Amino acid sequence: MQERYSAEDVETAAQQHWDSQQAFRVVEDGPAPKFYCLSMFPYPSGKLHMGHVRNYTIGDVISRQARMKGFNVMQPMGWDAFGMPAENAAIQNEVPPAKWTYANIDYMKGQLKRLGFGIDWSRELATCTPAYYRWEQWLFTRLYRKGLIYKRLGTVNWDPVDETVLANEQVIDGRGWRSGAEVEKREIPMYYMKITAYADELLTALDDLPDWPEQVKQMQRNWIGRSEGVEIHFPYDLTTVGESGVLKVFTTRADTLMGATYVAVAAEHPLARLAAASEPAVAEFVEDCIKGGVAEADLATMEKKGIATSLRVVHPISGEYLPVWIANYVLMGYGEGAVMAVPAHDERDFAFAQKFGLTIKPVIIPGKWGQRVDNASGVFDDPSAKLQRKFPIVARYGTSESLSWSHWQDCFAELGRVVNSGRYDGMRSSEAVDAIAADLETKGLGRKRVQYRLRDWGISRQRYWGCPIPMIYCEACGDVPVPDEQLPVTLPEDVAVTGRGSPLARMPEFYECSCPKCGGAARRETDTMDTFVESSWYFLRYACPDNAAAMVDARADYWAPVDQYVGGIEHAILHLLYSRFFTRAMRDEGLTRVSEPFTRLLTQGMVVAETYYRQPDAGKRQWLNPADVAVERDDKGRIVAATLVADGAPVVIGGTEKMSKSKNNGVDPQALVERYGADTARFFIIFAAPPDQQLEWSDSGVEGAFRFLKRVWTFAHRNRELMCSGLSATAGRDGLDLPPALADVRREVHGCLKQADYDFGKHQFNTVASATMKILNALEKAPDAECPEWAAVAAEGFSILLRLLAPITPHISHALWRACGFDGDILDAPWPEASEGALKQDRIELMLQINGKLRGSIQIDAEAPRAQIERDALASDAAAKFMDGKPAKKVIVVPGRLVNIVC
RNA sequence: GCCCGGGUGGUGAAAUCGGUAGACACACCGGACUUAAAAUCCGGAGCCGCGAGGCGUGCGGGUUCGACUCCCGCUCCGGGCACCA
């Protein structure tokens, strides 16, 4: 054993050992229960970034501990290899996407190996290979025939200059990122997956995922957005509309129906088109509405615009004529593309009505305004204003009647009591919803129904680097799925990408084909699939990546579901929801037995670092890498200034942000590993923050991790022979009669172990790392070798330390386990168990509070009865000093913790 | 705009069911070793105060013998918003 810790030697040797043993290759048999630990696979963007290192370190820690606990562990890895960056790189560097992607995979795989992750590489897959995506196409044709995939128009961002569909990310301030042209909405035919068919199941099944973070489940619940409400039909007014029909809206607040004063429709709604045909101003407005992109965040924050039409619809209860408005905040793809507007009780409608001077008709008395309202006179008590007020029949801006409705108040949107609504007056909101729904149903103008916010999943992409959609168009036969024997539809790999239009649509050799039904000339679909499709089933394919005859086989039944999934919180909704849906679709095709793909979920936080920059006058900020910057501190250690090492001149401290190329604050994992080794990188990442929180990068923190590992190494080197002799004394350690100082050391070790076990269960690995440091501190401070029992205590303590460390820093743990003569390979060493005997204490310290303030402590027998604790507490110096001679009113004893005297 | 998180010393963080706030580290200060430095080791330290003591978990209220923890209101920061992955 070397005296000095050399990470490179240790890590190379350990990795060679694992390779030669094929230590992480796993098969589907044996008595051990299976444990499928999966980290989200990376997009092969070029090289690993720190977020990857964090993700895979967390997954590896869980995997390795599960193995020590006796599970048959599978930890696979692969590549989410289709996507836009490959096309962007192709445009920039004129490299074909396939070549670029495979080169990246090659490089990043080497990096993953160097970090020592316990991955079964025999299961590696890349989604851009025909061997993978052919099964995606195969399933597509099945789901299409079943009706779970269908075709309809969908709205996309259109760049009129580049004649290309843009991703939301490529639209910046309403303009195309390359052309700078104003983006427009355009409707094109697209394929959709009917995820809404599973909406209810996806929602209710969340309740059966106890090991998912509550926050993720809540986000998914809100995303699915189940709401119970009423569909209401407003018949067209024949004289203004010119044809018969009904305008359908959905509302959860049917109790406010009598307060509806207009209706608003989307620019793409049939009524809008009708109005545009005869009214030039409307046509202009509708034309204007196609400007801008489709991202919801933009639509929600843009200025609310609208225009009146001459059209009217008929209120289904009152028979009044309501004006039809066109509003840019109503969207065709959401619900019915129309809303009934109740300005008195909806904040958005209120703002709209005020802007355009529309009628505001209050029909609900908010709960907090009291129950007393006279339905005939409209007089009610407003306790918040300590006034008796007259309820406005119609509130118009500027009139005295409408004072209370001149500004929006949140309580307007609350449930309450119905007024101003004819026969529904006096009802509570919920009663009014029932009564109105019943009346509408009688008239055939509406009914109660459930609606979801969730929309069907549009999967068509007008891009090249993706899985081809296996469909053929024939003049005679229409849309025909590609038959099984013609699969896969292979994506040509040697293609020039220009950024204008879709390359496949310019390749007759790709799209010209014959109809599978009639044999006539036909055209192949040139759209590819959303890359979320590949990542919706890869976890099943890892079980059997080599199967050329089936999508999944019996091995998937052995491994599914994933026991532990680890990945970024940014995937909390889309990827995870699509995967849950896809698994169910596959279940209903008889491909898997499971419904939920991921039993336990751990969502990891981002990796952030400080930023530094310089800003020449009126110029762009130049971001400087933290590695090139030196900081100045005051005498308390606070950072007061920073300078660039190269020129010694000051730079601006920019705050802490997510590591990124644009802010130049990334730390290269490669350089880190080369300098300190994989174990140091892994230890720091685990130690610096709990997995689900953001991790702040710190170079000196890395130094500290390295220093700790050196201390572990040094302890082993100094005490190796002693500990080898201590091994024989291992039997019956609890029975050993240890001197008090050694008993204390042993109590500390087992206390740390017990705590670490608890923390492991919570996935709070940072405190597990702390526990290993505490154990080393205790062992180093132990009274040394004079005492004969020390060898046994040291050997036991150090073996516990190494095993707690093994999942986090596997290489050094592997080397020291052998060097100290412990049994076998630490990879399969049994996880240690804390001894209750070692934790026992005769006397304990209780904190002493007087009136809730800490004033001292008392020493007492661990088993002391309550009466004695009270007596000792009252007799203490602190009690005499702080009770001011007052008698104790009450004494609170919290066993094992504290005594509080109230006086 | 909507949904979901987070805010604790100079810094990263810990505190299991409402019971010692700041474990474990980083940075800092002091000391040992050294011709010197690096490395290593030992010690100190939340803030204010000479001290007794007071004050302290983003801000303002509340519940409680006792609140980082529970409740109400605010604020700032981050993630997601359906074509980034």
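Given the structure is predicted, the values throughout are model-derived calculations rather than measurements. Chain A is the first sequence line, chain B the second, and so forth, proteins listed ahead of strands; every chain is numbered from 1.
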Asker: Once side chain to side chain donor-acceptor pair (under 3.5 Å) is applied, do any residues pair with A:Glu3, and if so which ones, sequence neighbours excluded?
Answerer: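 Side chain to side chain donor-acceptor pair (under 3.5 Å) list for A:Glu3, sorted by chain: empty.
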Asker: Sticking with atom C1', work out how far B:rA67 lies from B:rU20, rounded to a whole angstrom.
Answerer: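 Taking atom C1' in both B:rA67 and B:rU20, they lie 14 Å apart.
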Asker: Just checking A:Trp457 against A:Tyr192, ring centres under 6.0 Å apart?
Answerer: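 That pair fails the under 6.0 Å test.
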Asker: B:rG12, OP1 or OP2 - any side-chain N/O from A:Asn766 closer than 4.0 Å?
Answerer: no
Asker: Distance check, C1' atoms only: B:rC55 and B:rU11, in whole angstrom units.
Answerer: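 22 Å, rounded to whole Å.
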Asker: Counting only side-chain N and O atoms of A:Lys710, is one of them less than 4.0 Å from OP1 or OP2 of B:rU40?
Answerer: yes
Asker: What is the glycosidic conformation of B:rC17: syn, defined as within 90° of 0, or anti?
Answerer: syn
Asker: For the pair A:Ile901 and A:Leu848, evaluate side chain to side chain contact (heavy atoms under 4.5 Å, CB included) and give the outcome as yes or no after the intermediate values.
Answerer: CA-CA 8 Å; A:Ile901 300 171; A:Leu848 177 61; 4.1 Å; yes
Asker: Using the glycosidic torsion, which applies to B:rG9: syn (within 90° of 0) or anti (everything else)?
Answerer: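 Nucleotide B:rG9 adopts syn.
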Asker: Take atom C1' in B:rC33 and the same atom in B:rC41, then report the distance between them in whole Å.
Answerer: 8 Å
Asker: With rounding to the closest Å, how many angstrom separate the C1' atoms on B:rC17 and B:rA82?
Answerer: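 That atom pair is separated by 41 Å.
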Asker: Using the C1' atom in both, what is the distance from B:rG10 to B:rG22, to the nearest Å?
Answerer: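 Straight-line distance between the two C1' atoms is 14 Å.
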Asker: For A:Ala769 and for A:Arg711, locate the closest nucleotide of RNA chain B by heavy-atom distance; then report the residue assigned to the nucleotide nearer the 5' terminus.
Answerer: A:Ala769
Asker: Which letters describe nucleotides 67-85 of chain B, given B = protein heavy atom under 4.0 Å from base, S = only from sugar-phosphate, - = neither?
Answerer: -----------SBSBBBBB
Asker: What residue pairs, at least two apart or across chains, pass salt bridge (charged side-chain N to carboxylate O under 4.0 Å, His left out) with a residue in residues 45-54 of chain A?
Answerer: none
Asker: What residues from residues 888-903 of chain A pass a heavy-atom cutoff of under 4.0 Å to RNA chain B?
Answerer: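 Nucleic-acid contacts, sorted: A:Ile892, A:Val894, A:Arg897, A:Leu898, A:Asn900, A:Val902.
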Asker: Can a donor-acceptor pair be found, under 3.5 Å and without considering hydrogens, that links the side chain of A:Asn665 to the backbone of A:Thr611?
Answerer: no
Asker: Expected output is a numbered-order residue list: members of residues 852-859 of chain A with a heavy atom under 4.0 Å from any atom of RNA chain B. What is it?
Answerer: A:Lys853, A:Leu854, A:Arg855
Asker: Can a side chain N or O of A:Arg707 be found less than 4.0 Å away from OP1 or OP2 on B:rA27?
Answerer: yes
Asker: If a pair means Watson-Crick or G-U wobble with both distances below 3.5 Å, what does RNA chain B look like in dot-bracket form, with | marking bases paired to a different strand?
Answerer: (((((((..(((......[....))).(((((.......))))).(((....)))..(((((..]....))))))))))))....
Asker: With rounding to whole Å, what would you report as the distance between B:rU69 and B:rG60 at their P atoms?
Answerer: 14 Å
